[in-house]
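Below, all heavy atoms of this structure are taken into account, side chains as well, without hydrogens, waters or symmetry copies.
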Amino acid sequence: MKELWTRSISGILYVGLLVASLYTGPFYAYNLLLLFNLLALIEFQKINRHKSPFPVLLLIGLVYFQYKGLLPAQGIPYLVGIAIVANTWLGIRLFAPTLLQNSIFVRYFYSYGYLTFSAFSVVLLTGSPDKYLPGYLLITFILIWTNNSFAYLTGKKWGKTFLFPSISPKKTWEGFWGGTLATLIAALLIAYFDTVFNYLQLFIFGVSVSILATLGDLVESQFKRLSGVKDSGSLIPGHGGFYDRMDSVIYTAPFMLIIIQLLAYVS
């Protein structure tokens, strides 16, 4: 019970700070998202024993140039595309009989492709400063929070059938389906009050987030298992570090950018 209270209080503070920054304006949102993602990136490098300043500087540079409107628009799809390729490969690797090898390739490729460009995709979900649309990122966060929270609660209460026991011994199919059901309900509720997306579009968001958020959490678990650590850090009581907290949204963000573009095109 104490663990649940600690987790809930720190989670509420984290959510409150994030939502407040999103609706205060792009300057505050960009800076807070940059801070959270930088901490996640640093923690990722720490558990993988690869402390390089270049991915950190690259992420700072990308966010700065995007905020100033100096980043060429035609280059952004390539960055998002690299993130999608890296994340897809990591998702496929979950089904491999062996864990990732902690090689130089893994350290460099995933520091850039998986973490840096995916973290930048989180910022891109708010749009640009001159066309600031925080609702896209907020919806993504709400669906991920719903999925993760109810997957945790359902799995803790009724979980019996393990999802990926070799990577994450606590995740269960019961937790996955409980999180998915709650996410779809949340998506339909958002559709009821939202005027931008319809029920079908939010349903697609809900299904996509349920799968992607779970994969993102499992990918992080694989890296932690590879490095022999329980948490990426201890900055958020009850949740571990910022990589523990941001893993699902970092993994999901580039895919959501593509899904939103496709739905807008179809509409």
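Under the 4.5 Å side-chain criterion, counting only non-hydrogen atoms from C-beta, V123 is not in contact with L34. No side-chain heavy atom of P169 sits under 4.5 Å from any side-chain heavy atom of F162. Under the 4.5 Å side-chain criterion, counting only non-hydrogen atoms from C-beta, Y136 is not in contact with T140. Two residues are said to be in side-chain contact when any heavy atoms from C-beta on lie closer than 4.5 Å; V15 and W145 meet this criterion. By the 4.5 Å heavy-atom criterion applied to side chains, I167 and L94 are counted as neighbours. You'll find the side chain of L33 stays beyond 4.5 Å of the side chain of V63, heavy atoms only. Considering only heavy atoms from C-beta on, L212 stays 4.5 Å or farther from S248 through its side chain. Using a 4.5 Å heavy-atom cutoff, the side chains of L115 and Y110 are not in contact.
Within the structure, side-chain hydrogen bond (donor to acceptor under 3.5 Å, both in side chains) contacts touching residues 113-125 (residues at least two apart or in different chains) are N87-S118, Y114-Y243. Under the side-chain hydrogen bond (donor to acceptor under 3.5 Å, both in side chains) criterion, the residue pairs touching residues 167-178 are T161-E174, K171-D217, with sequence neighbours excluded.
Contact record, G113 with I82: CA-CG2, 4.0 Å, taken as the closest heavy-atom pair. Of all heavy-atom pairs spanning F109 and A86, the tightest one is CE2-CB, 3.7 Å. Heavy atoms only, all atoms of each residue included: S111 and L41 are closest at O-CD1, 4.0 Å. A pairwise comparison of heavy atoms in Q222 and R93 identifies OE1-O, 3.9 Å as the closest pair. Contact between P129 and Q66 at its shortest, heavy atoms only, is CD-O, 3.7 Å. Across all non-hydrogen atoms, the minimal contact from S21 to Y132 is O-OH, 4.2 Å.
With sequence neighbours left out, the side-chain contact (heavy atoms from CB on, under 4.5 Å) criterion links S52 to Q45, H50, F54, P55. A search for side-chain hydrogen bond (donor to acceptor under 3.5 Å, both in side chains) contacts involving N37 returns nothing, not counting sequence neighbours. With sequence neighbours excluded, no residue satisfies side-chain hydrogen bond (donor to acceptor under 3.5 Å, both in side chains) with T88.
Between F117 and Y112, the angle of the ring planes lies from 30° to 60°, which puts this pair in the tilted group. Note on ring orientation: taking the six-membered ring where Trp is involved, the planes of F197 and F205 are perpendicular (angle over 60°, cut-offs 30° and 60°).
Clustering ILVMFWY residues whenever any of their side-chain heavy atoms sit less than 4.5 angstrom apart, transitively, puts L17 in the very cluster that holds I142. When hydrophobic clusters are built by joining Ile, Leu, Val, Met, Phe, Trp and Tyr residues whose side-chain heavy atoms come closer than 4.5 Å, directly or via intermediates, L189 is not grouped with F141. A continuous path of Ile, Leu, Val, Met, Phe, Trp and Tyr side chains, each step under 4.5 Å between heavy atoms, connects Y108 with V56, placing both in one hydrophobic cluster. A continuous path of Ile, Leu, Val, Met, Phe, Trp and Tyr side chains, each step under 4.5 Å between heavy atoms, connects V19 with I144, placing both in one hydrophobic cluster. Both F27 and L59 are assigned to one and the same hydrophobic cluster, defined by single-linkage of ILVMFWY side chains at heavy-atom distances under 4.5 Å.
Other residues, nucleotides and ligands contribute over 12 non-hydrogen atoms within 6.0 Å of the OH atom of Y30. The 12-atom threshold is not exceeded at CZ of F203, counting heavy atoms of other residues, nucleotides or ligands nearer than 6.0 Å.
Taken to the nearest 0.5 Å, the CG atom of L215 stands 11.5 Å off from the CG atom of D247. The distance from atom OG1 of T214 to atom CG of N147, rounded to the nearest 0.5 Å, is 4.5 Å. The OG atom of S221 sits 10.0 Å away from atom CG of L163, with the distance rounded to the nearest 0.5 Å. Taken to the nearest 0.5 Å, the CD1 atom of I190 stands 7.5 Å off from the CG atom of L138. Atom OG1 of T146 and atom CG of L181 lie 11.5 Å apart (nearest 0.5 Å). With rounding to the nearest 0.5 Å, the separation of CD1 in I76 from CD in Q74 is 9.0 Å.
Under a 3.5 Å cut-off, the side chain of Q201 and the backbone N or O of N198 do form a donor-acceptor pair. Judged by distance alone, with hydrogens and angles left aside, the side-chain atoms of T154 form no donor-acceptor pair with the main-chain N or O of G178 at under 3.5 Å. For R225 (side chain) and S166 (main-chain N/O), a donor-acceptor pair under 3.5 Å exists by modelled atom type.
Cluster partners of Y199, by chain and number: L188, Y192, F193. The rule joins Ile, Leu, Val, Met, Phe, Trp and Tyr whenever side-chain heavy atoms lie under 4.5 Å apart.
Aromatic ring centres of Y14 and F36 lie closer together than 6.0 Å.
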Point to revise | Derivation of the side-chain contact (heavy atoms from CB on, under 4.5 Å) call for F255 and V80 | key: CA-CA 8 Å; F255 294 101; V80 176; over 6 Å; no

Please report the C-alpha distance between Y23 and Y28 in whole Å, then the side-chain angles of each, then the deciding distance to 0.1 Å, and finally whether the side-chain contact (heavy atoms from CB on, under 4.5 Å) criterion is met.
CA-CA 9 Å; Y23 283 94; Y28 297 99; over 6 Å; no

**Message:** Does F150 form a side-chain contact (heavy atoms from CB on, under 4.5 Å) with T183? I'd like the steps, not just the answer.
**Reply:** CA-CA 8 Å; F150 280 89; T183 304; over 6 Å; no

Legend entry - Evaluation steps, side-chain contact (heavy atoms from CB on, under 4.5 Å), between T180 and F176: CA-CA 6 Å; T180 299; F176 171 77; 3.7 Å; yes

